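Below is one structure, written out as structure tokens; the observations come after it.
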Amino acid sequence: MNYITIDELPRHIGEDVRLRGWVRRFRSSGKISFLVLRDGTGEVQCVFVKNEVSEETWAGLEDASHEACVSVAGLVRADDRAPSGVELTATGFELLGASAEYPIQPKEHGVDFLLEKRHLWLRSARQIAIMRVRDEVIRAIHDFLHDDGFTHVDTPILTGAIGESAGTLFETEYFDHGKAYLAQTGQLYVEAAAAALGKVYCFGPTFRAEKSKTRRHLTEFWMVEPEAAWMDSDQNMDLQERFVSSIIQRVVLKQREQLEALDRDVSKLEAIVAPFDRMSYSDAVDLLQKQGSDIEWGSDLGAAHEAQLVEGREKPLFVYDYPKGAKAFYMKENPDDPRTVKCDDMLAPEGYGEVIGGSQREDDYDKLLSRIREEGLPEDTYDWYLDLRRHGTFTHSGFGLGVERLVTWICGLDHLRETIAFPRMMTRITP
Ligand code: 4AD
Ligand code: MG
């Protein structure tokens, strides 16, 4: 008999089938045994009645330990009480891969222990739900951008130029060329590609040697970075709000079951529909000061400021046009107030903070060069980037959306570490 998968069971009611997978739970009264099997497509309860199976099968159930890999044969029955709508009246059992003393028990474990056993922790129902949501988010990202006319361009992970800030670089020796860095962003490269293809995006792992142990920072995270010719800062925010609304509504539509398994209040996500409110940095500082904050104009907003600004809001808030000194060298000087740059951060509600950072890029050769000099960046490694302003400079903008930040918010989690299969943090490199 061929194997089928658990998600196929509803089409086989009344038939004898064979399944294989891992033992989620097993309990026995001595006369009847219940084995919950999962196989990556779902879970099903298999019921063994001592008087109705062979002695050999009944004896074999001794090996049905937590997370053992097994094969079960039986008759598929409709069962309204079962979450999957079916149950298996089992007739056969075979051990495929034993599991003795599975380390993760159905009790509370500390998160350090669980991270140490991350390769096994992934099998838990909660982690499976999160991985399914993440997968949906990633598909939604690609679909939205392709439907909107963007072309996917892969950018290098080993780079010679600093993308964001010198303080958080992972360095390595690169043959005879001195130092190479792990990419903090693909942005500089998608800017070059935008002059070839118009609307482009890169999507890959990015690296930041952040010496911060916050719940919002990983050292390796995935970022999608759309970049478009002719787009200004306002249009950049239009795109961002359409993008985020569309991803979230797709997850709500397609992964509601997983969100419910995570106890997420789905109505909070249903409210995330474009447009989102926009507030200038200067207005944000005024507001914070009126509310008693001692923030001064010119300093970057911290996580606490962001939380205060979004407090009581159902939807994300854009804060735009930050002071030059708080932002990266490549952002366009604001013609209306040269102390500021044309940029925006999208701050998510419920305290999730910045999920997107975006900007219009400096397209003036002299201004860009002087910013590179002011920041003390090695000029020769940016020569190719300056070429984009020497040869047909153009209005363009883009942004970076952090996948783990978005998935954390969508799933309603309190830490980024569960949103990626194998998180890389300052304190952890294994498994
Ligand atoms: O604001 P950031 O640093 O912007 C850039 O890297 C630009 N080059 C993007 C662009 O314009 N193409 O990072 C963008 C987003 C943040 O809003 C956040 O969601 C995420 O990347 N992010 C992190 N996520 C996890 N861990 C970290 N250490 C992160 N740093 C940034
Ligand atoms: Mg940022």
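Here the structure is a predicted model, which means the values were calculated and not measured. Whatever order the structure lists them in is the order used to number ligands and atoms, beginning at 1.
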Task: Closest protein heavy atom (residue, atom, distance) for atom 3 (O) of ligand 1 - done: Arg208 NH1, 2.9 Å
Open item on the list: Is the contact between Thr185 and ligand 1 made by the side chain, the backbone, both, or neither, using heavy atoms and a 4.0 Å cut-off?
Closed with: side chain
Open item on the list: Is Glu191 close enough to touch ligand 1? Criterion: a residue heavy atom under 4.0 Å from a ligand atom.
Closed with: no
TODO: State, yes or no, whether a side-chain contact exists between Ile130 and Arg132 at a heavy-atom distance under 4.5 Å.
DONE: no
Task: Atom indices of ligand 1 within 4.0 angstrom of Leu416 heavy atoms, with elements - done: 25 (C)
Open item on the list: Angle between ring planes, His142 versus Tyr201, binned at 30° and 60°: parallel, tilted or perpendicular?
Closed with: tilted
Open item on the list: I need the nearest protein heavy-atom contact for atom 15 (C) of ligand 1: residue, atom name and distance, please.
Closed with: Gly400 O, 3.6 Å
Open item on the list: Let's go through Glu314 and Lys268 carefully: what are the C-alpha distance in whole Å and the side-chain angles of both, what is the deciding distance for salt bridge (charged side-chain N to carboxylate O under 4.0 Å, His left out) to 0.1 Å, and is it a yes or a no?
Closed with: CA-CA 7 Å; Glu314 281 195 344; Lys268 293 227 159 66; over 6 Å; no
Open item on the list: Among all the protein's non-hydrogen atoms, which is closest to atom 17 (O) of ligand 1, and how far away is it?
Closed with: Glu354 OE2, 2.6 Å
Task: Partners meeting side chain to side chain donor-acceptor pair (under 3.5 Å) with Glu173 (sequence neighbours left out) - done: Lys179
- [ ] Provide the number and element of each atom of ligand 1 under 4.0 Å from a heavy atom of Ile356.
- [x] 17 (O)
Task: Residue portion contacting ligand 1 (non-hydrogen atoms closer than 4.0 Å) for Thr219 - done: neither
Open item on the list: Can you confirm if the aromatic rings of Tyr330 and Tyr385 lie within a centre distance of less than 6.0 Å?
Closed with: no
Open item on the list: Counting C-beta onward and ignoring hydrogens, is there a side-chain heavy-atom pair between Trp409 and Pro349 closer than 4.5 Å?
Closed with: yes
TODO: Assess Arg126 against Trp121: is NZ or CZ under 6.0 Å from the centre of the six-membered ring, and within 45 degrees of the ring's axis?
DONE: no
Task: From the candidates Glu210, Arg361, Glu220, Arg424, the one that places a heavy atom nearest atom 11 (O) of ligand 1 - done: Arg361
TODO: Decide whether an N or O pair under 3.5 Å exists between Ser359 and ligand 1.
DONE: no
TODO: Provide the protein N, O or S atoms situated under 2.8 Å from the Mg ion (ligand 2); waters are not included.
DONE: Glu354 OE2
Task: Distance from atom 26 (N) of ligand 1 to nearest protein heavy atom, with residue and atom - done: Leu218 N, 3.0 Å
Open item on the list: Salt bridge check, Arg278 against Glu241: does any charged N sit closer than 4.0 Å to a carboxylate O?
Closed with: yes
Task: Pairs meeting criterion salt bridge (charged side-chain N to carboxylate O under 4.0 Å, His left out) with involvement of residues 209-224, two or more places apart - done: Arg216-Glu306
Task: Any N/O pair Phe221/ligand 1 closer than 3.5 Å - done: no
TODO: Using salt bridge (charged side-chain N to carboxylate O under 4.0 Å, His left out) as the criterion, list what pairs up with Asp300, not counting sequence neighbours.
DONE: none
TODO: Using a strict 4.0 Å cut-off to heavy atoms of Tyr330, name the atoms of ligand 1 that fall inside it.
DONE: 7 (C), 8 (N)
TODO: Please confirm whether Trp384 and Tyr189 have ring centers closer than 6.0 angstrom.
DONE: yes
Open item on the list: Considering non-hydrogen atoms of the protein only, which is the closest contact for atom 18 (C) of ligand 1, and what is the distance?
Closed with: Arg405 NH1, 3.4 Å
- [ ] Return the residue, atom name and 0.1 Å-rounded distance of the protein heavy atom closest to atom 12 (N) of ligand 1.
- [x] Glu225 OE1, 2.7 Å
TODO: Using a strict 4.0 Å threshold on nitrogen-to-oxygen distance, state whether Glu260 and Arg264 make a salt bridge.
DONE: no
Task: For atom 14 (C) of ligand 1, closest protein heavy-atom neighbour - done: Met223 SD, 3.4 Å
- [ ] Before signing off on this row, confirm whether Gln187 and ligand 1 have an N or O atom pair separated by under 3.5 Å.
- [x] yes
- [ ] Please confirm whether Arg216 comes under 4.0 Å of ligand 1, counting heavy atoms of the residue only.
- [x] yes
TODO: Could you tell me whether the side chain of Leu288 reaches within less than 4.5 Å of the side chain of Gln308, counting heavy atoms only?
DONE: yes
Open item on the list: Using side-chain heavy atoms (C-beta onward) and a distance below 4.5 Å, is Met237 in contact with Asp234?
Closed with: yes
Open item on the list: If you take the centroid of each ring, where Trp contributes its six-membered ring, are Phe394 and His396 closer together than 6.0 Å?
Closed with: yes
Open item on the list: Quick check on the 6.0 Å ring-centre criterion: do Tyr181 and Phe207 meet it?
Closed with: no
Task: Per-residue contact class, Trp409 against ligand 1 - non-hydrogen pairs under 4.0 Å - done: neither
- [ ] Could you find the nearest protein heavy atom to atom 8 (N) of ligand 1 and give me its residue, atom name and distance?
- [x] Glu164 OE2, 2.5 Å
